[in-house]
Amino acid sequence: MEHRLEIETMGKIKVFGPQRANGEITISGSKNSALPILAATLLTDEKIILHNIPNLADVNTMIEILENAGKKITWDESSLIIERYSNMNSVLPYGPVRRMRASFNVLGPLTIRNGYAKVALPGGCSIGVRPVNFHLEGLKKLGIESQIEHGFTHSKFIGAPEKVHISLPFPSVGATEHLITTAVLLDGTETILTNCAQEPEIVDLCNFLISMGAKIEGHGTSNIKICGVKELYGTEYTIIPDRIEAGTYAILGAIMGEKVTLNNVIEEHIFSLLDIFEKIGINYTMKNNILTIEGISKLELSPVDIETATFPGFPTDLQPQLMVLLSLIPGRSSITENVFKTRFNHVDELNRMGAKIFVEGNTAIITGVTKLSGAPLEATDLRASAALLIASLIADGETIINNVDHIFRGYEKLFEKLEKLGLEIEYYE
Ligand code: UD1
């Protein structure tokens, strides 16, 4: 199918540094909005048109899953047209679901619509242990009984009570999304979700569902009320810009920018990063959804102590990238990782480039160095790849990043955007 981007081989990136960034780019649509919204298209047979969808490996994995479930999906530039192709199939093949954790969110809608579903259990992940117990316990309260057999979740809908209250043990993004996407189609059931995640992608999902006819209140807060409806309808919807892509390029601009301008940035979505920029002393302006970052001498910057948290706190998905910036600021900084407590795969690689980072429990203590030096590196996951790419662009000499294709899961038009910023990298397989 045209427009597809699949990861079939693991490529390498070769970079000569240090380089300087100068230019203007536009931030793409949000991957983490697109994925749950695509899963939610299973709630209707009617036609749905989604705009501002990034063409990324993860999005194409979700498309493959939806096609297996009976949808016909067509790209039209950055829009997707989703239509019914055949009867809904709720027994999905192992591969695509196992490949990407966000695909587990199809389980609830498929089970509600077909009465039964069989979906692979997502596996381990290089950023830490990622169980789905909150999903399964919440679905049970919504009337979905599940059994795990041979690596698959077999789920059956046995009927939901009139009133359901689910309090999440931790404000999990995926579980909040999955339970909302399931509860909206439980006709006659009122669901109250407490201790929910409040991420902008959840608000985006809820706005999309409301445009399909769902009844949801409280999204964007920690308490959400859903009144299930009998049917949901076709719609046309535009997805929010990707705050993690924006944050990544903003950090790149802060480290190596003369002047980097990012279009299509929503200030409230990246407020926690801008707050850190202010504490550090990075020059930026934010106006009319345009973020401009101007370079500044490293000696004028101040170290900081930060913690990752659920929204509106500083996102774990920007932690590796921010660590590169902090490793170049004189003095002692620290990052405590509260969401994925062992998400420090990038630390050893940065230390191999000359950074001074020491991990103690779930905290990384960072002593600023004056420069990084190029080295052969291994990328282990999506955001670690982005961090190593930024580090390689500022480092002295040649860096080769192996297994770098993780990066295509989350950064659309990466080479084009880097080129627009005047940055040169070489990709090969
Ligand atoms: C989503 C994002 C991911 C981001 C993460 C945290 C998507 C597609 N992915 O992932 O990029 O890093 O939010 O902002 O949106 N947990 C459990 N049991 C569960 C579910 C989660 O213990 O059933 C734990 C996880 O192990 C983790 C924490 O809760 O420690 C947060 O995970 P969660 O918010 O669910 O992350 P994802 O939705 O998988």
Side-chain angles (χ1 to χ4, degrees), residues 29-40 53-54 56-62 65 97 99-108 121-141 146 148 153 166-182 193 195-206 222 239-240 242-245 247-248 269-270 272-273 307-322 336-346 362 381-387 406-407 409-411:
S30 163
K31 166 179 89 76
N32 286 354
S33 273
L35 296 176
I37 287 178
L38 280 166
I53 300 288
L56 296 167
D58 277 9
V59 169
N60 287 310
T61 299
M62 185 58 91
I65 291 164
V97 180
R99 204 183 308 149
M100 184 183 69
R101 188 180 158 81
S103 51
F104 196 60
N105 280 19
V106 300
L107 180 69
L121 199 64
C125 171
S126 52
I127 64 173
V129 180
R130 297 177 82 175
V132 285
N133 52 329
F134 305 161
H135 297 240
L136 295 177
E137 284 156 20
L139 290 177
K140 193 171 177 191
K141 289 197 168 170
S146 301
I148 315 282
T153 312
I166 302 167
S167 180
L168 289 171
F170 181 89
S172 151
V173 174
T176 302
E177 291 167 342
H178 198 171
L179 298 174
I180 294 170
T181 308
T182 307
L193 296 177
N195 200 27
C196 297
Q198 305 174 43
E199 269 64 3
E201 294 77 16
I202 289 167
V203 176
D204 209 25
L205 168 68
C206 290
S222 60
I239 278 166
I240 55 170
D242 195 307
R243 65 192 168 103
I244 305 301
E245 189 200 18
T248 302
H269 293 180
I270 61 157
S272 59
L273 177 64
E307 300 203 7
T308 65
T310 54
F311 192 83
F314 180 72
T316 174
D317 284 352
L318 287 177
Q319 180 260 104
Q321 301 90 312
L322 186 74
T336 299
E337 175 55 70
N338 291 319
V339 181
F340 295 107
K341 290 183 188 282
T342 58
R343 187 178 198 168
F344 291 117
N345 284 330
H346 44 289
N362 63 330
D381 62 77
L382 165 58
R383 305 304 170 186
S385 303
H406 299 284
I407 206 162
R409 293 184 44 216
Y411 295 90

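Every heavy atom of this structure was used, including side-chain atoms; hydrogens, water molecules and symmetry mates were not. Start at 1 with the first residue, then count along the sequence. Quick caveat, the model's predicted, so the values are computed rather than measured. Whatever order the structure lists ligands and atoms in, that order sets their numbers, starting from 1.
The existence of a salt bridge linking Asp58 and Arg409 is confirmed by a sub-4.0 Å separation between a basic side-chain nitrogen and an acidic carboxylate oxygen. Under a 4.0 Å N-O distance rule, the pair Lys31/Glu201 does not qualify as a salt bridge.
Ligand 1 has no atom lying under 4.0 Å from any heavy atom of Glu201. For the pair Ala197 and ligand 1, no heavy-atom separation below 4.0 Å is found.
From Leu179, atom CG reaches atom CG of Leu139 across 5.5 Å, with rounding to the nearest 0.5 Å. Here the CG-CZ distance, from Asn345 to Phe340, works out to 12.5 Å after rounding to the nearest 0.5 Å. Within the model, atoms CZ of Arg383 and OH of Tyr411 stand 4.0 Å from one another, a figure rounded to the nearest 0.5 Å. Note that the CG atom of Asp204 and the CD atom of Glu177 stand 10.0 Å from one another [nearest 0.5 Å]. The CZ atom of Arg243 sits 11.0 Å away from the OG1 atom of Thr248 when rounded to the nearest 0.5 Å. For the atom pair CD1 of Ile244 and CG of Leu273, the computed distance is 9.0 Å after rounding to the nearest 0.5 Å.
Partner of His178 under the side chain to side chain contact (heavy atoms under 4.5 Å, CB included) criterion, out of Thr181, Thr182, Ile180: Thr182 alone. Of the residues listed (Leu56, Asn105, Ile37, Leu38), the one engaging Met62 in a side chain to side chain contact (heavy atoms under 4.5 Å, CB included) is Leu38, and it is the only one.
Of all atoms in ligand 1, numbered sequentially from 1 with element shown, those under 4.0 Å from a heavy atom of Gly174 are 35 (O), 38 (O). Less than 4.0 angstrom separates some heavy atom of Thr316 from each of these atoms of ligand 1: 6 (C), 12 (O), 14 (O). Atom numbering of ligand 1 starts at 1 in the shown order; those under 4.0 Å from a heavy atom of His135 are 23 (O). Those atoms of ligand 1 with a heavy atom of Ala102 less than 4.0 angstrom away are 8 (C). Under a 4.0 Å criterion applied to the non-hydrogen atoms of Arg343, ligand 1 contributes the atoms 12 (O).
Between Val173 and ligand 1, an N or O atom pair is found at a separation short of 3.5 Å. For ligand 1, the polar-atom distance check finds no N/O of Ala175 at less than 3.5 Å from any of the ligand's N/O atoms. Below 3.5 Å of separation, one finds no N or O of Glu199 facing any N or O of ligand 1. Residue Pro131 places at least one N or O, backbone or side chain, under 3.5 Å from an N or O of ligand 1. Considering backbone and side-chain N/O atoms, Asn32 comes within less than 3.5 Å of an N/O atom of ligand 1.
Counting heavy atoms only, Ser172 comes closest to atom 35 (O) of ligand 1 of the residues Gly138, Pro169, Ser172.
Both the backbone and the side chain of Val339 come within 4.0 Å of ligand 1, counting heavy atoms alone. Using a 4.0 Å cut-off between heavy atoms, Phe134 contacts ligand 1 through both its backbone and its side chain.
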